[in-house]
Colleague: 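I have a structure I would like to understand better, so I am pasting it below and will then ask my questions one at a time.
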Amino acid sequence: NAGVTQTPKFQVLKTGQSMTLQCAQDMNHNSMYWYRQDPGMGLRLIYYSASEGTTDKGEVPNGYNVSRLNKREFSLRLESAAPSQTSVYFCASSEIGLVEPTRQPQHFGDGTRLSIL
Amino acid sequence: GDSVTQMEGPVTLSEEAFLTINCTYTATGYPSLFWYVQYPGEGLQLLLKATKADDKGSNKGFEATYRKETTSFHLEKGSVQVSDSAVYFCALSAYSGAGSYQLTFGKGTKLSVIP
């Protein structure tokens, strides 16, 4: 099983350029998430999608947009990249059922390492 | 809001030493608690979890007990190996409204085990 697949794995952009990070999961999960990981900051939630057709802001949404394309795919877009967005980006998914939903762990991709010059 | 505090690293241990990484949390309601591990160049992997008070999660020789009275979930291993070198994240899962559930992470503790 592939689990959660992120593309690309590495990317270098110039300030002001745009790009889309892709994420796909093959576990039939309802919920998907985008995080950024910065040194000494842990993981911070950018956006999430509780179910197909819904998206909501997380802790650090400014400068980003998302699209839940279908149940499998959840993309993150940087419209005008800034050096402060240099980070490692992780996509995750989880199955949130009706019974004891907080018990369900999130499954992570391997990350996209993004540098903005 | 919810928060997780874990001991700052880095932590350097000799092989076969005892490991403790402290984690405390603040949350309303009844969260589930998790430890994730991140090996160099990889994403996070679930290491263990506990979903109610006094539960003990365990995996690969690691253990952590959900202590509601001290709001803690400390990670322990009796004898670490070089292959345990990684960054460890403590996290809690709680309801965040509108049918969604979010993870709140600690900042991570980097463990290096030397032969």
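Numbers restart at 1 for each chain; the letters A, B, ... are given by sequence-line order, proteins then strands. Computed from heavy atoms alone, side chains included, the values below leave out hydrogens, waters and symmetry copies.
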Colleague: Which heavy atom of L103(B) sits nearest to which heavy atom of Y35(A), and what is that distance?
Modeller: CB-OH, 3.8 Å
Colleague: Which pair of non-hydrogen atoms, one from L46(B) and one from P105(A), has the smallest distance, and what is that distance?
Modeller: CD2-CB, 3.5 Å
Colleague: Using the rule that Ile, Leu, Val, Met, Phe, Trp and Tyr join whenever any side-chain heavy atoms are under 4.5 Å apart, tell me whether Y47(A) and L114(A) fall into a single cluster.
Modeller: yes
Colleague: How about Q106(A) and F34(B): do any of their side-chain heavy atoms sit closer than 4.5 Å?
Modeller: no
Colleague: State yes or no: do L43(A) and V4(A) share one hydrophobic cluster built from I, L, V, M, F, W and Y residues joined by side-chain heavy-atom distances below 4.5 Å, directly or via other members?
Modeller: no
Colleague: List for me each residue that meets side-chain contact (heavy atoms from CB on, under 4.5 Å) alongside Q6(A), sequence neighbours excluded, and say none if there are none.
Modeller: W34(A), F90(A), C91(A), T112(A)
Colleague: Let me know if L45(A) has heavy atoms under 4.5 Å from chain B in its side chain, its backbone, both or neither.
Modeller: side chain
Colleague: Is there a continuous path of hydrophobic side-chain contacts, each under 4.5 Å between heavy atoms, that joins V37(B) to W35(B)?
Modeller: yes
Colleague: Would you mind reporting whether F105(B) and Q37(A) have side-chain heavy atoms less than 4.5 Å apart?
Modeller: no
Colleague: Select one option (side chain, backbone, both, neither) describing which atoms of Q45(B) are under 4.5 Å from chain A's heavy atoms.
Modeller: neither
Colleague: Is it true that V60(A) and L21(A) fall in one hydrophobic cluster, defined by side-chain heavy atoms closer than 4.5 Å?
Modeller: yes
Colleague: Write out, in numerical order, the residues from residues 7-17 of chain B with a heavy atom short of 4.5 Å from a heavy atom in chain A.
Modeller: none
Colleague: Hey, quick one: are Y88(B) and L92(B) part of the same hydrophobic cluster, counting side-chain heavy atoms closer than 4.5 Å, chains of contacts allowed?
Modeller: yes
Colleague: Run the side-chain contact (heavy atoms from CB on, under 4.5 Å) test against A53(B) and tell me which residues pass, sequence neighbours left out.
Modeller: K68(B)
Colleague: What are the two closest non-hydrogen atoms of R113(A) and E42(B), and how far apart are they?
Modeller: NH2-N, 4.0 Å
Colleague: Taking all non-hydrogen atoms of both residues into account, name the closest pair between M41(A) and K107(B) and its distance.
Modeller: C-CG, 4.1 Å
Colleague: Scan the side chains in residues 70-80 of chain B for donor-acceptor partners under 3.5 Å anywhere in the protein, sequence neighbours excluded, and list what turns up.
Modeller:
{"residue": "T70(B)", "atom": "OG1", "partner": "S72(B)", "partner atom": "OG", "Å": "2.8"}
{"residue": "T71(B)", "atom": "OG1", "partner": "Y25(B)", "partner atom": "O", "Å": "3.4"}
{"residue": "H74(B)", "atom": "ND1", "partner": "C23(B)", "partner atom": "N", "Å": "3.0"}
{"residue": "H74(B)", "atom": "ND1", "partner": "C23(B)", "partner atom": "O", "Å": "3.4"}
{"residue": "K77(B)", "atom": "NZ", "partner": "D84(B)", "partner atom": "OD1", "Å": "3.3"}
{"residue": "K77(B)", "atom": "NZ", "partner": "D84(B)", "partner atom": "OD2", "Å": "2.7"}

